[in-house]
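Read the structure below first, then the notes.
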Protein chains: 2
Amino acid sequence: MTTSLSRGPYKPGRIREQSRDLILQAAEAEFACHGFRGATMQRIAESAQVPKANIHYYFSNKLSLYGSVLENTLNLWDTVFNELSSHDEPADVLSRYIDAKINFSRTHPTASRLFAKEMISGAPHLSAYLQQDYRLWFKQRMSVFESWIAQGKMDNIDPAHVIFMIWASTQYYADFEPQILIATQTEQLTEQAFINAASSIKQIILKGCGIKY
Amino acid sequence: MTTSLSRGPYKPGRIREQSRDLILQAAEAEFACHGFRGATMQRIAESAQVPKANIHYYFSNKLSLYGSVLENTLNLWDTVFNELSSHDEPADVLSRYIDAKINFSRTHPTASRLFAKEMISGAPHLSAYLQQDYRLWFKQRMSVFESWIAQGKMDNIDPAHVIFMIWASTQYYADFEPQILIATQTEQLTEQAFINAASSIKQIILKGCGIKY
DNA sequence: TCAATAGCTGTCTAATTAGTCAACTTTTCA
DNA sequence: TGAAAAGTTGACTAATTAGACAGCTATTGA
C-alpha cells in the first residue's frame, strides 16, 4: 500500500483498529442474523453508525468483510476447542469442556449463530479451516476417548457421536434461543439457566458414557 | 378465490397443485440455504425451471411463498412431534422418538435446515406457531417426564434439558452435515451412519437419565 | 365445438444492491 | 508549523432485486 521508498512522517495509526473493530462487530451481528447473501453493507453501516463508503475503505468488498468476521469467530472457537485437554480423569476433562462450551454459548451467542448459519449453508467459506485445524483436532480428541475406552474408564461408544452430542447440546442454547425461551416461558436466558443446562448435560453425558465421577 | 355467483364451465384444475409443489420444493432448498433475505425469486425460478412470473402467479409475493414453505415444513415437523406418546415404558417411548427424529434428519434435511435458519434469525415468522401448538406440546411432554421421575422410572433431571438434548443431537446430523462429513472423513452420510448415530444417542440418553432398558 | 376460465410468460419498472471515486478533513511527526 | 499520509464521505454507477401487467395459450365442460 505504501510506496517502498517513502520515509513519510506518518506511522500506521491506531484509529484503524478501532474503526475496523466497530465495523466487524456490526457485521458479525448482521451476518449471523441474515447470512452472507442476506446481509447488506447498508444495514451494517447503519448499525455501526458509519457511512457505507467507510466500510469499503477498511474492507475491499463484502466477501472480504465476511472473511474477516469468520476469522475472528474461528479464533474465539479455537480457544474453547483447546479446553478439551488429554490428561486428567475423563469426568474432569468433559465437565470442564461442557462448561466452557456452554459459557461460550452464553457470552458469544452471535459467534455461535454465525458459525451455525455458515454450516447450514454448506460451509462454503470454511472448507480450508475445516480441512486443516479442525480435522487434526478431531482426530487427536478421538484417540483420547479411545484410550479411555481401552482403559475401561468409559463405555464402548463411538467417540465421534459423543463429541457431536456435546457440541449439539451446548450450541443449542445459543442457536435455538427463541425456541428455548418460549418452551421455558422466560424472557431471557439467565446465567443460572446456562449453569443448570450445563449441569444436566454433564449429568447425562457422564453417566450415559459410564464415566465414574 | 372464485367469485361466488360464477357457474363458469371450469373446475379448479389439478395442474395448480403440481406446479405449486414444484415451486415450493425449489423454494425450500433456496430458503434453507440462503435464508429469507438471501434467497432470490430468480434463483428459485431457475431451480424450478419456470419463469419468474410463474411464481408470482401462484404466490402473491416472496413473503407469502416463504410462509407457504414454512407451513409445509411445520406440518412434517408435527408428525414427528406426535411420535412422543405418553404411554408405554420410558425406554420404548424415547427410543422410538429418537429414531423418528434421526430419521427425519435423514429424509428431510432441508426442512430441518430451514427451521434451524429461521430459529437462528430469531424466529420472526414462527412466533404464532411457537406460541400455540409447540407450547402446548412441550408442556404435555414435560408432565410425562415428571410422572416418570415421580414413579422412579428415571433420574431427577429437568425434563426440558433432556428434550433439548434430544432435539439438538438429532437435528445436528442434518444441520451440521458438512462438519460431520469432514470429521468422519466420509463423502456422504449413509443410512447406516444415521442408525449408528441414533444408537449412540439412545444409549447415552437412556443410561444418562437412569432409565431401565 | 366454443366460450369461459385457468394457466403462462416476455417485458417493463422502481427500488435496492455492491462497489467506485474524487474531494475533503484529521492525524502524525520531523 | 507544514506537508505527507491516513482517514472520511457524499455522490455517483451498473447490476440485481421484487413485483406488475398485458397479452398469450391450454384446459375444461356443456
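Lettering of chains follows the sequences in order, A, B, ..., and the numbering in each one begins at 1.
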Review point. For B:N54, which contact category applies under a 4.0 Å heavy-atom criterion: base, sugar-phosphate, or nothing?
Key: base
Practice item. Nearest whole angstrom, please: distance from the P of D:dG7 to the CD of A:E17. Key: 11 Å
Exercise for review: Look at the side chain of A:K52 and the base of C:dG19, then say whether one donor and one acceptor between them are separated by less than 3.5 Å.
Suggested key: yes
Point to revise | Side-chain N or O of A:R16 closer than 4.0 Å to phosphate OP1/OP2 of D:dG7 | key: yes
Point to revise | Atom-pair distance (CG on A:N61; P on C:dC21), nearest Å | key: 14 Å
Practice item. In plain terms, say whether A:E46 and A:K52 are close enough for a salt bridge, that is, a side-chain N and a carboxylate O under 4.0 Å apart. Key: no
**Study point:** Spacing between B:F59 atom CZ and C:dC8 atom P, to the nearest angstrom
**Key:** 12 Å
**Study point:** Any A:S19 side-chain N or O less than 4.0 Å from OP1/OP2 of D:dT8
**Key:** yes
Exercise for review: Establish, with yes or no, whether the OP1 or OP2 oxygen of D:dA6 is under 4.0 angstrom from a side-chain nitrogen or oxygen of A:Y58.
Suggested key: no
Review point. What nucleotide among C:dG19, D:dT17, C:dC8 has an atom nearest to a side-chain atom of A:K62?
Key: C:dG19
Check your understanding: With sugar-phosphate meaning primed atoms plus P, OP1 and OP2, does A:A45 contact a base, only sugar-phosphate, or nothing at under 4.0 Å between heavy atoms?
Key -> nothing
Review point. What is the distance from CZ of B:R37 to P of C:dA18, rounded to the nearest Å?
Key: 11 Å
Exercise for review: Can you see which heavy atom on A:I102 is nearest to which on A:I201, and at what distance?
Suggested key: CD1-CD1, 4.1 Å
Check your understanding: Roughly how many Å is it from CD in A:Q49 to P in D:dT9, rounded to a whole number?
Key -> 12 Å
Revision key, fill the gap. Atom CD of B:Q18 and atom P of D:dA26 are separated, to the nearest Å, by 17 Å
Review point. Between atom CD1 in A:I55 and atom P in C:dA18, what is the gap in whole Å?
Key: 9 Å
Practice item. Check B:F115, B:Y129, B:W167 against B:F81 for a ring-ring contact (aromatic ring centres under 6.0 Å, His included) and give me the one that passes. Key: B:W167
Check your understanding: In whole angstroms, how far is the C1' atom of D:dG19 from the CE atom of B:M41?
Key -> 8 Å
Review point. What distance separates A:S200 OG from B:D158 CG, expressed to the nearest 0.5 Å?
Key: 5.5 Å
Review point. Looking at D:dA6, C:dG10, C:dA18, which one has an atom nearest to any side-chain atom of B:A53?
Key: C:dG10
Review point. Under 4.0 Å between a side-chain N or O of A:Y57 and OP1 or OP2 of D:dT8?
Key: no
Review point. So which heavy atom on A:L189 is nearest to which on A:L181, and how close?
Key: N-CD2, 3.7 Å
